[in-house]
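Here is the naming used below: chain letters follow the sequence lines, and residue numbers restart at 1 for every chain.
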Amino acid sequence: MLEAWLRELQANRPRVQSFDAITSINSGQAFLWQKLGDAWYGVDGQNILKISFRGGEAQFSSYPERQSWERDFFRLDDGLDDIQSGLSKDSLVASLFGKYRGLRLLRQNPEQCLFSFVCASNTNIPMIRRMLSNMSRKFGKKLAFDGQEFFTFPQASAINSASSSELRACALGYRTKAIKAAAQKITSGSLDLAQLSLASYDEAKEQLLQVYGIGNKIADCILLFSLDKLDAFPIDVWIARALAKHYSSLNECKIGEKLTPHQYELVSEKMRGYFGKHAGYAQQYLFYDIRQDAGRGW
DNA sequence: GTACAGGCAGTAT
DNA sequence: ATACTGCCTGTA
């Protein structure tokens, strides 16, 4: 009986190729991943996640130990094949699914995701990593895992009780005010991310937009990368470039690199309508491609 | 020195 | 509604 159950569990355990996992964590959705020795380690909320390799296959472990975290984190239940075929009416996206096979959206810790993208405003990826790493070092909990030292991502309450100058010392710059505002809302309970996970895209977005420092783009990133809103279609400068390059005929208005809030609404709605319920996957593939095209590393 | 990087809020038309 | 501006910080 038990053996049969174990066999079944083994059979159902999703196999993830090493390449797919590494591509996904390095596709600009998450920032606190690093390679140490032969393995990759990432901070996701209070968990340290580890990806190691056996042959071409990824092996997953974590501290604290959490069975099969990869199922949630890599969204293995999404059914990538069906999503691919659903989006393949668009020939470009169809080709990108072939070109970047295995690239997945992540389901990140919502708090960390929110703070990450608030930090992302008007800066570059190395700086985002530095800000988040500084915050973890200062306000997270120190853990030992595999003989290495790690810091969890700070709880909102810890950020909320930090002083502005302490936060500023994390090189947050003018984002300090927004980080504090978000931490305050989460700590007080007036922003409940778990609740937003259950709400509709529109409801959840409206709530996020109430937070000082969160606009259209940042809200859509949080919705897509942590709150299960796969129909979200964030538009940053890179996606704007991709849209101008490949989808200008779909959008009446001319797409420049900077979109006014009204233009953002218009273009984002247009793309969401065009791609449908998995528009976020299309966005991620387009984003990855235009960055590759520009020869950017991560 | 200056421009620029995965936006946003504030203010003035 | 839309346009324009300043903003922390670090790198090229």
_Between D146(A) and Y41(A), is there a side-chain donor-acceptor contact under 3.5 Å, judged purely by atom types and distance?_
yes
*asked:* With no hydrogens and no angle check, just 3.5 Å: does a side-chain donor-acceptor pair link Q29(A) and S27(A)?
replied: yes
*Quickly work out the M127(A) CE to dA12(C) C1' distance and round it to whole Å.*
15 Å
*E203(A) and S200(A): side-chain donor and acceptor closer than 3.5 Å?*
yes
*Taking CE from M131(A) and P from dT9(C), how many angstroms apart are they, rounded to a whole number?*
10 Å
*asked:* What I want to check is whether the side chains of Y100(A) and D289(A) have a donor and an acceptor closer together than 3.5 Å.
replied: yes
*Taking the same atom, P, in dC4(C) and in dG6(B), what whole-Å distance lies between them?*
23 Å
*Is any side-chain heavy atom of I179(A) closer than 4.5 Å to a side-chain heavy atom of T176(A)?*
no
_Do R272(A) and Y201(A) form a cation-pi contact, if we require the NZ or CZ to be under 6.0 Å from the six-membered ring centre and within 45 degrees of the ring's axis?_
yes
*Taking atom types as modelled, find out whether N26(A) and Y288(A) have a side-chain donor-acceptor pair closer than 3.5 angstrom.*
no
*So do the side chains of Y285(A) and S95(A) get within less than 4.5 Å of each other, counting heavy atoms only?*
no
*So what does R175(A) hit on the nucleic acid, given a heavy-atom distance under 4.0 Å: a base, only sugar-phosphate, or nothing?*
base
For nucleotides 6-9 of chain B, give me every protein contact, N/O to N/O, under 3.5 Å, one pair per line with atom names.
| residue | atom | partner | partner atom | Å |
| --- | --- | --- | --- | --- |
| dG6(B) | N7 | R291(A) | NH1 | 3.4 |
| dG6(B) | O6 | G28(A) | O | 2.9 |
| dG6(B) | N1 | G28(A) | O | 2.6 |
| dG7(B) | O5' | N122(A) | N | 3.4 |
| dG7(B) | N2 | Y174(A) | OH | 3.0 |
| dC8(B) | OP1 | G215(A) | N | 3.0 |
| dC8(B) | OP1 | G215(A) | O | 3.3 |
| dC8(B) | OP1 | I218(A) | N | 2.9 |
| dA9(B) | OP1 | G213(A) | N | 3.2 |

_In whole Å, I'd like the distance from the CD atom of E265(A) to the P atom of dA1(C)._
12 Å
_Work out how far the P atom of dT11(B) is from that of dC8(C), and round it to whole angstrom._
15 Å
_D78(A) and R104(A) ion-paired at < 4.0 Å_ = no
*CG of L266(A) versus C1' of dA1(C): gap in Å, rounded?*
13 Å
_In whole Å, I'd like the distance from the CG atom of L172(A) to the C1' atom of dT9(C)._
10 Å
*Go ahead and write out DNA chain B as dot-bracket, 5' to 3': ( ) for pairs within the strand, [ ] for ones crossing earlier pairs, | when the partner sits on another strand, dots for unpaired; Watson-Crick or G-U wobble, both distances under 3.5 Å.*
.||||.|||||||
*dC4(B) versus dG6(C) - spacing of their P atoms, nearest Å*: 15 Å
